[in-house]
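A quick write-up on the structure given underneath.
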Amino acid sequence: MKNDTRNSGIPNQVWLGLAVIAFGLLFLLDNLNIVDRHRVLHYWPVLVVIGGLVKYAGAETQHERMVFGLITAAGVILTLNRLGYGYFFNARTLWPVLLILLGIGVIHKAMRKGVTPHAVPLKDDVDVDVDADADAWAKPGAAADAKAGADANAVVDITAILGGFERRISTPAFRGGDICAIMGGCVLDLRDSSIVGDAELNVFAVMGGITIKCPPDWSIVLKGVPILGGFEEKTSPAPGTGKRLTIRGYAIMGGVEVRN
């Protein structure tokens, strides 16, 4: 299984090292009676806000922005509680705010339906070689239909909230897309599809599961971040055909499974 870490911006090890140095300095200054570490640690949620904003600024996908935006919002709420404004954040006020955020998310998703989701771009003049997949795409007069189907199914945008979604894709030029499962399940079957070069899928699972079924000649690269969840690859080694599917995203108290 290939499980790589995305190398964009400052590596996570650097942030971890800086955090260790900061805590060491804090305890040193406290032992020297220069600062009171208890008063400083009382406002620890500020670090959550700063970290969330930094990661949000470097986010490349909608799912990443959603995760780090929620982390930042949680840090802001905790900080306000520490400052004595916690009376506003209670059960009577939080659930309407969650409904408002849910409505905004639904509207945003509806507005971006006409926008091509994040995926590996195709060249303007990519010729879908219908004969390349031999028997599956070599029917007389089927070239135009196959290319039209490829354009329709090349990019996926799947969301399941408190429910299940199962889809089977058949296209000679799959490009990728987005899959989101919140307290639900998604199954994407790509075993009848092919890839022209590379493709990229962004996944986001919160207390839910995502299953991706791929052809045996695809090379799978996992670059996911599990948070109280897991990413699992159950695929056989690819024969090296140059077809590569990269899967990025987050599994928060949920799971993502890839198999062929």
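Every value quoted in this text rests on a predicted model; they were computed, and no experiment measured them.
- Residues Met207 and Leu162 are members of one and the same hydrophobic cluster, defined by side-chain heavy-atom contacts under 4.5 angstrom among Ile, Leu, Val, Met, Phe, Trp and Tyr.
- Residues Val46 and Leu18 are members of one and the same hydrophobic cluster, defined by side-chain heavy-atom contacts under 4.5 angstrom among Ile, Leu, Val, Met, Phe, Trp and Tyr.
- Between the CG atom of Leu41 and the CG atom of Leu26 there is a distance of 5.0 Å, given to the nearest 0.5 Å.
- Residues Leu80 and Arg82 fail the side-chain proximity criterion, which asks for heavy atoms closer than 4.5 Å.
- Cluster annotation: Val40 and Phe27 are assigned to the same hydrophobic cluster (Ile/Leu/Val/Met/Phe/Trp/Tyr, side-chain heavy-atom contacts under 4.5 Å, transitive).
- Two residues are said to be in side-chain contact when any heavy atoms from C-beta on lie closer than 4.5 Å; Asp192 and Ile169 fail this criterion.
- Counting only distance, with no hydrogens or angles, the side chain of Ser193 and the backbone of Thr171 share a donor-acceptor pair below 3.5 Å.
- Of all heavy-atom pairs spanning Val196 and Ala173, the tightest one is CG2-CB, 3.8 Å.
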| query | Are Ile71 and Val48 close enough, and set up right, to give a side chain to side chain contact (heavy atoms under 4.5 Å, CB included), and what steps lead you there? | reply | CA-CA 7 Å; Ile71 292 176; Val48 177; 3.8 Å; yes

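- The shortest distance between side-chain heavy atoms of Val187 and Lys213 falls below 4.5 Å.
- For the salt bridge (Lys or Arg N to Asp or Glu O under 4.0 Å) test with Asp198, the passing option among Lys243, Arg175, Arg244 is Arg244; the others fail.
- Leu190 and Phe231 fall within the same hydrophobic cluster, defined by Ile, Leu, Val, Met, Phe, Trp and Tyr side-chain heavy atoms under 4.5 Å apart, directly or through other members.
- Atom CD1 of residue Ile195 and atom OG of residue Ser219 lie 9.5 Å apart, to the nearest 0.5 angstrom.
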| task | Give the C-alpha distance, both sets of side-chain angles, the deciding distance and a yes or no for salt bridge (charged side-chain N to carboxylate O under 4.0 Å, His left out) between Asp189 and Arg167. | result | CA-CA 6 Å; Asp189 192 343; Arg167 184 175 178 185; over 6 Å; no

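- At a threshold of 4.5 Å between non-hydrogen side-chain atoms, the residues Ile220 and Cys214 count as touching.
- The CG atom of Leu78 lies 14.0 Å from the OH atom of Tyr43; values are rounded to the nearest 0.5 Å.
- Residues Thr79 and Pro45 come closest through the heavy atom pair OG1-CB, 3.4 Å.
- The two residues Ile247 and Val258 make their nearest non-hydrogen contact at CD1-CG2, 3.4 Å.
- The shortest heavy-atom contact between Phe165 and Ala160 is CB-CB, 4.2 Å.
- Between the CD atom of Glu166 and the CD1 atom of Ile158 there is a distance of 10.0 Å, given to the nearest 0.5 Å.
- Identified under the salt bridge (charged side-chain N to carboxylate O under 4.0 Å, His left out) test for residues 18-35, with sequence neighbours left out: Asp30-Arg37.
- Shortest non-hydrogen contact noted between Leu201 and Val156 is CD2-CG2, 3.9 Å.
- Put simply, Leu228 and Ile182 are part of the same group of oily side chains (I, L, V, M, F, W, Y) that touch within less than 4.5 Å, one to the next.
- For Glu257, the side-chain hydrogen bond (donor to acceptor under 3.5 Å, both in side chains) partners two or more places apart in sequence, or in a different chain, are Lys234, Arg259.
- Here CD1 of Ile212 is found 9.5 Å from SG of Cys186. Values are rounded to the nearest 0.5 Å.
- Residues Val221 and Leu245 have side chains not in contact (no heavy-atom distance under 4.5 Å, counting atoms from C-beta outward).
- Rounding to the nearest 0.5 Å gives a distance of 9.0 Å between CG of Leu222 and OG1 of Thr246.
- Across Pro226 and Gly229, no two heavy atoms sit closer than the pair CB-O, 3.5 Å.
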